[in-house]
Every structure is written in C-alpha cells, then in structure tokens.
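Quick caveat: nothing in here was measured; it's all calculated off a predicted structure.
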Amino acid sequence: MLPWCWLTLLAFIPVTFSVNAGVKVKLTEKGLEYGKQIGMAAIQKKLKTIKVPDISGTQRVAPIGKVQYSLSRMQIVNLGLPKSVLGLVPGTGVSLSISNAFISLHGNWRVKYFRFIKDSGSFDLSMNGLTITTSISIKSDDTGRPAVSSVNCAATVGSASIKFHGGASWLYNLFSNFIDKALRSALQKQICPLVADAVSDMNPYLKTLNVLAPVDKYAEIEYSMVASPAVSKSDIDFSLKGEFYNIGKHQEPPFTPAPFSLVPQVNNMLYIGVSAFTTNSAGFVYNKAGALSLYITDDMIPPSSPIRLNTRTFGTFIPQIAKRFPGLMMKLLVKTVKDPVITFEPNNMTVEATATVTAYAILPNTTLSPLFILNMEASISARVYVTGMKLAGTVTLNKMDMTLGTSYVGDFQVRSLDNIFLMVLKVAVIPRVNARLQKGYPLPTIGKMNLVNTQLQVLKGYMLIGTDVQFSG
C-alpha cells in the first residue's frame, strides 16, 4: 500500500501564476485520518529495515583493565508505533508526530580480556519512549506534478535497557551504560533518513497524477494546479485548472472561470467541486472540433415509426418537396452554430443549445440537394452521476423552438414540422448524446484510487461530489 496516499491530494501545489479554478478539491479531517492509518503502516515497515552497524572498541573496566568488545548481527525483532498524530499547520502544510514508539533488538556479543581470555553470547535491547517528529514539504515538480519530502525531522529515545545472555555477561553489564548509549545513537541516526525515504517513496505514485487526462479522440482535461493549497486547522482546499482542451492544441475559450467556494461539509473524506466553467469548456472544445454535428438518416428511425425521412413524409407538410423530389429518401444535418451553454442551479443542470437543421433530398446519383435550413433553440436537462473514477450523465429534451432560416422549396409553416423534429431529436439525437455521456469523463486521480460512498449535488454554479476514498495495490 502506498504511504500517505492522502498527501498525494495535498500535493496539488501551485504553478507560479494564480487564476480562478475550474475544479476544487477539499480534503477533510476524516480523509487525513484515513491517510494517517495507511501512512503509519508504511512508516513501520520502513523502520523495520533499520540496519544497526557492528560496534567494537576497547573499554577499561575495573578491576579487570582493558576489555576488547564487539556487538554484531544486530536485528530488529519488534517495532511498534502505537500513537501518532498527523496534523495540519495553517498556511504551511502537514506535520507528523509519533510518540511512545518502541524497538526491540537482538544481537551477539564477543569480548577479549587479559589478552587471552575470550567469550561470547547474545543480548537483547529494548528502547521505549521513542519520539519522531517531522514536517512534510510539498511542491510541484517541473512537469506540474507534485513531489514531497521530509524536513525538520527529529528522533529521540526516552529510555533503553539491555540484557546480556551467556558466557561472561556479567562483564558487559559492568559497562552496559556505555553500550546502551552507543546503540541508542546508532539507531537514532537511522530513523530520520528512513522516515525521509518513506515520504520520498510516495513520489513515484504522485507522478501518476493525471495532470492531462485523455478523454477521447477530440479532447483531454487539464488538472494542473493554479494556486497554492489553502491549509486551515480542519481541511485543505486545492485549486485545479479543470479545463477541457482539444488534443494537441490548447486554445483558451472566450470565457474565464468565475470564483467559487465549496460549501462546508465534513461527512466524507473528499469533496470535489466541478464548476460550470469546466463543463462549458467541454462544450467549446467539442463544438470547435466539429463533434457537435450529426447526420441523421432513415435507418436511425425506429422501423415501427410511421414518420420516415423521405420526401413523401415531408411532402405531406411541404407539398413542394413531394412535387420536385418525388419518392426520394432524405438526410438531416443537425449542427451547433455556437457553443452550448451549461448552467448549474440547485438540483438543476440545464444545457441551452443553438443549432441548425439542414434537410437534404438524396438524389439518385447519391448527391445531396438542400431543401431548407431551420434555426433551432433547444433546452435540455442533464442528470450527472459518478461511475468509477469518471463523471457521467444523461440528458433529456425539455423544449425546442424552430424558425425558418433558408428555404429552397418556397415558404412553409415551420410549426407543422414540430412533431417530426421532436421525434427525430428524441429517437436519433438524444440517444447518441447519452451514449457518449455515459462513457464518462475522467476525474482527477492518483494511482489505484477508488471512490466509495459517493454522493453528487448540483448547486449554484457548480456540482459537488462528496466521497470517501480507498487505495489499493
């Protein structure tokens, strides 16, 4: 399990400029507590790798005189970190404090005295009241991804006891205080570097942050950091760009994100706010890519429908069509003429789309002969939900207004075609839009991150995802 997974979320650290965010993320105390549990297991595993170097030397012991000694093959047999606190330092970052920790060591001893007497045995060392404190520095690397390191680490041992077994153990006991001090020093020197290693081990996982998340052949989403995290006593707020771009061409839309703040909530580990700017940037990108246009042919209409895309059906309402193009199939082109506008109001997400509908007769040589062009204003309701690590949705048509733009078959009453085009939108256009929306759009994620207990609210100006998180692998 990767250490301190929640610190990966803390690491949405700034680039040098500051703009309003399209996406905001809030990490709560509940999330920090979950991260601490994962992190402490990783710290404990790392500290169990402590390798205490062999110790040897000469010590004068009354009444024997000089004694040559060595301690070797020292190994940790038990290590516990029963109490720890991961805290937030407002305006700064994260602090970690471990107290009442303990380490038990086993090793071998050997002595030589009176120049010719040799003896050996084993020993057990117990260190209690171990305290470790460190601060976590979080910054952005040159790719816009987060990087973390341990700073200001300190480790102290409260008390220690050593017991020698076998042979001339009594001799070691005569200078056990000296041995105790040497072993405590050797252990203390290794603790902070290993804590620093445990923190640094996070960096390969942090590099999996989807700063530029691919969506499909048209778009990708940028989740780079646009401001420093705002650290308070109870949570951390992060500001992400949250902007759709055409693949390979990052052109800014003709609008900017409005400032917004997440409503205070604490029941979940994590809250993600997705603003109207983010969804509207998607509309800008897909419209610019030409993806918001669709040719509709008769085979897309259910066979049971009495309404067909042919000049006979349309000739019923526009006689000129039946006269000039008898017995021909037709094709419709629905195409947006400006970017759709998406708005969020409490419990209501609406899409306003402006499009044209061009009707063609398909001539016997398969060329298209234009019949008319209608201007269309459509109001669409959207329902959004979270599936896996993606945000998905479905839409339904609320209302549609059409006016005549151009006619190549003379004047006619557009209203007479309302039922035809309502049917076409509902059975041919909306299902294809929903099929794409249900594939989803990636949320910001790191490593093997899963969202659980997820709820979604639509609020004024943004949608709010409240969720708990689990890391695996």
Looking only at side chains, do [X] and [Y] share a donor and an acceptor under 3.5 Å apart?
X: E29; Y: S234; value: no
X: T134; Y: S150; value: yes
X: N108; Y: S72; value: no
X: N268; Y: T467; value: no
X: E352; Y: S379; value: yes

Please report the closest heavy-atom contact between [X] and [Y], naming both atoms and the distance.
X: Y462; Y: L262; value: OH-CA, 3.6 Å
X: G248; Y: E220; value: N-OE2, 3.6 Å
X: N210; Y: P442; value: ND2-CB, 4.4 Å
X: L71; Y: M74; value: O-CE, 3.7 Å
X: A21; Y: S239; value: CB-CB, 3.6 Å
X: L292; Y: G283; value: CD1-O, 4.0 Å

With the side chain counted from C-beta on, respond yes when [X] and [Y] share a heavy-atom pair under 4.5 Å apart, and no when they do not.
X: H250; Y: Y245; value: yes
X: K439; Y: N434; value: no
X: N280; Y: D339; value: no
X: D119; Y: K112; value: no
X: Q44; Y: L47; value: no
X: L425; Y: M400; value: yes
X: V469; Y: N450; value: no
X: I296; Y: L333; value: no

Give a yes or no on whether the backbone of [Y] and the side-chain of [X] come within a donor-acceptor separation of less than 3.5 Å.
X: Q455; Y: N453; answer: yes
X: H106; Y: F123; answer: yes
X: T278; Y: G22; answer: yes
X: S56; Y: S70; answer: no
X: W109; Y: S120; answer: no

Once rounded to the nearest 0.5 Å, what's the spacing between atom [atom1] of [X] and atom [atom2] of [Y]?
X: T387; Y: K390; atom1: OG1; atom2: NZ; result: 8.5 Å
X: F244; Y: Y218; atom1: CZ; atom2: OH; result: 14.5 Å
X: L270; Y: I465; atom1: CG; atom2: CD1; result: 9.0 Å
X: L96; Y: S135; atom1: CG; atom2: OG; result: 9.0 Å
X: E243; Y: T256; atom1: CD; atom2: OG1; result: 10.0 Å
X: I342; Y: S275; atom1: CD1; atom2: OG; result: 10.5 Å

Got a sec, which pairs hit salt bridge (Lys or Arg N to Asp or Glu O under 4.0 Å) with one end in [range], sequence neighbours left out?
range: residues 277-290; result: none
range: residues 428-437; result: D216-R436
range: residues 221-237; result: K26-D235, K26-D237

Q75, CD atom: more than 12 neighbouring heavy atoms under 6.0 Å: no

Salt bridge (charged side-chain N to carboxylate O under 4.0 Å, His left out) involving K46 - partner list, sequence neighbours excluded: D201

Partners meeting side-chain hydrogen bond (donor to acceptor under 3.5 Å, both in side chains) with K335 (sequence neighbours left out): none

Which residues share a side-chain hydrogen bond (donor to acceptor under 3.5 Å, both in side chains) with K48, sequence neighbours left out: none

Working for side chain to side chain contact (heavy atoms under 4.5 Å, CB included), residues R184 and M127: CA-CA 8 Å; R184 289 170 66 183; M127 293 190 176; 3.2 Å; yes

Under-4.0 Å salt bridge between K30 and E33: no

Criterion side chain to side chain contact (heavy atoms under 4.5 Å, CB included) on T131 and N100, from CA distance to verdict: CA-CA 6 Å; T131 299; N100 297 330; over 6 Å; no

Check against side chain to side chain contact (heavy atoms under 4.5 Å, CB included), F344 and T279: CA-CA 10 Å; F344 295 106; T279 53; 3.7 Å; yes

Side chain to side chain contact (heavy atoms under 4.5 Å, CB included) between Y205 and F471, intermediate numbers included: CA-CA 11 Å; Y205 295 97; F471 287 90; over 6 Å; no

